[in-house]
There are 2 protein chains.
Amino acid sequence: MTLAEKAYDSLRRDIVAGHLKPGAPLRMAQLSERYDMGFSPLREALNRLQAERLVTSVALKGFSVAPLSMDEMWDATNTRILIESRALRLSIEQGGDEWEAGIVGTLHALMLQAARGTASEDDARALEVRHHAFHKALLVACGSGWLMEFFQRLYVESERYRHPMLAPRPGEPARDVQAEHEALARATLARDADLACALLADHYRRTAQRLESLMAPVAAAG
Amino acid sequence: MTLAEKAYDSLRRDIVAGHLKPGAPLRMAQLSERYDMGFSPLREALNRLQAERLVTSVALKGFSVAPLSMDEMWDATNTRILIESRALRLSIEQGGDEWEAGIVGTLHALMLQAARGTASEDDARALEVRHHAFHKALLVACGSGWLMEFFQRLYVESERYRHPMLAPRPGEPARDVQAEHEALARATLARDADLACALLADHYRRTAQRLESLMAPVAAAG
DNA sequence: AAATCCAAGATTTTCGAAAATCCGTATTGC
DNA sequence: GCAATACGGATTTTCGAAAATCTTGGATTT
């Protein structure tokens, strides 16, 4: 793995995790020290991330972490529903045994990690990885590289918004996300496309609403 | 404009125009001579293009022009119809006077250039620019940055396939594309979403079918 | 007092060479 | 004879410094 690829992975992780804050300028000297490499691999990584809209850049003024906004979050949510509904329908039409096995397997792995909780940083990351794997497994039989690419893009984007939610407020009742995942998997395996798509859309809309109510006070305070 | 941006524009144009052939390796030394600049700005541009799937890369083996295939062409066509249908419906719901004026204006400019023909290279490029502007104008009131981004990505992709079609075979009757554009604009301005989306889908499917019949002999020969 | 201009420092961008890696070829060993 | 390997040239990748540009602060002018 080249340094430029390491730089890409590290920067992407730090941006998605919110360790590099939205809007923050990314100075070459700082990044060079932080990731212990020269400018060249960093600039290559930043250019890739710019194409993915995770960073912005202005000529001769450098790069910044792409900002977040509630409008953009809703846009991503709605577009996600459009893309994934289509992909899910295609998968339900075309998916075979291997596809079904993937859903069952990734759901099981997700459940195990969810039961384990997210006490440590590693556990939280593992949950995120398995969550992604499950949602990808649902769609992977759609046979469309473009739908899968757009799914990936929007998944990463939504991860940026979801991150603050992973540390749930003390008093609030935790929403049973895993039950939603299970119902979604069941409808999908039963090849009930209408139900599965409805559950998927609900799943994302609820997450978005939760996020909005969670961020509203933050935005008001900041 | 920085050299890296110039490199990005030049490479993108040459790839989309087919001047750099699908699958061809992109050697740094050659590119450096061709575009008269050092490696750094070229590598930055190539990394951006890689993120947009216009070039592929393998670590330590360098970059290549991304390949084309009929499967991928159909995938892009179908995904385009999904994305643009949604964007068109949203635009028809939400678009105001400015949006309508944009459609009428860009359609008129497109017609003028189409009447002028595509004898010279410059005319062909001008037609392509106005064609893009018209299709963008139809969707621009959708209010979704993500839909617009995906539209752009798929437009560029389809441009790569469309390019060989711009030099029409001598004997063949030219399809009246501009009539389709006019009908599409009329249905859109009449706020008839169902008809407009149907025309849009037909427009793209016909282009794809035309391309398939045009490329089949090429693929068989090569 | 407000606006403009200039210089110094900070920052980004680009280059040219060094380092690391790959590929084809010929040689060695069995 | 054939596989494995070591060598040399070609290529990519990375670094460190130079060039170009921006920003900041104060001095100067209106």
Peer 1: Tell me, for nucleotides 20-25 of chain D in 5' to 3' order, what letter each nucleotide earns: B for a base near a protein heavy atom under 4.0 Å, S for only sugar-phosphate near one, - for neither?
Peer 2: -SSS--
Peer 1: Would you mind reading off the distance between B:Phe39 atom CZ and D:dT11 atom P, rounded to a whole angstrom?
Peer 2: 10 Å
Peer 1: For A:Tyr155, does the six-membered ring have the charged nitrogen or CZ of A:Arg162 within the cation-pi criterion, i.e. under 6.0 angstrom from the centroid and within 45° of the normal?
Peer 2: yes
Peer 1: Side chains of A:Glu212 and A:Trp74: any donor to acceptor distance under 3.5 Å?
Peer 2: yes
Peer 1: Other residues, nucleotides and ligands only: do more than 12 of their heavy atoms fall within 6.0 Å of NZ on B:Lys6?
Peer 2: yes
Peer 1: Could you check whether A:Leu46 gets within reach of a base, just the sugar-phosphate, or nothing at all, counting any heavy atom under 4.0 Å?
Peer 2: nothing
Peer 1: If only side-chain N and O atoms count, and only distance matters, is there a donor-acceptor pair under 3.5 Å linking A:Thr79 with A:Asp75?
Peer 2: yes
Peer 1: So, taking the atom named CD in A:Glu5 and the one named OG in B:Ser57, what distance separates them when rounded to the nearest 0.5 Å?
Peer 2: 7.0 Å
Peer 1: NA contact type, B:Thr2, heavy-atom cut-off 4.0 Å: base, sugar-phosphate, or nothing?
Peer 2: sugar-phosphate
Peer 1: Taking the six-membered ring of B:Phe151, is NZ or CZ of B:Arg86 closer than 6.0 Å to its centre and within 45° of its axis?
Peer 2: no
Peer 1: When the side chains of residues 100-115 of chain B are checked against the rest of the protein, which donor-acceptor pairs come out under 3.5 Å, sequence neighbours left out?
Peer 2:
{"from": "B:Glu100", "atom 1": "OE2", "to": "B:Arg191", "atom 2": "NH2", "distance (Å)": "2.7"}
{"from": "B:Thr106", "atom 1": "OG1", "to": "B:Gly102", "atom 2": "O", "distance (Å)": "2.8"}
{"from": "B:Thr106", "atom 1": "OG1", "to": "B:Ile103", "atom 2": "O", "distance (Å)": "3.2"}
{"from": "B:Gln113", "atom 1": "OE1", "to": "B:Arg116", "atom 2": "NH1", "distance (Å)": "2.9"}
{"from": "B:Gln113", "atom 1": "NE2", "to": "B:Asp123", "atom 2": "OD1", "distance (Å)": "3.2"}

Peer 1: On DNA chain C, reading 5' to 3', which nucleotide is the first and which the last to sit with an atom under 4.0 Å from a heavy atom of chain A, could you check?
Peer 2: C:dT11 to C:dT14
Peer 1: Can you name the nearest heavy-atom pair linking A:Val156 to A:Arg12, along with the distance?
Peer 2: CG2-NH2, 2.9 Å
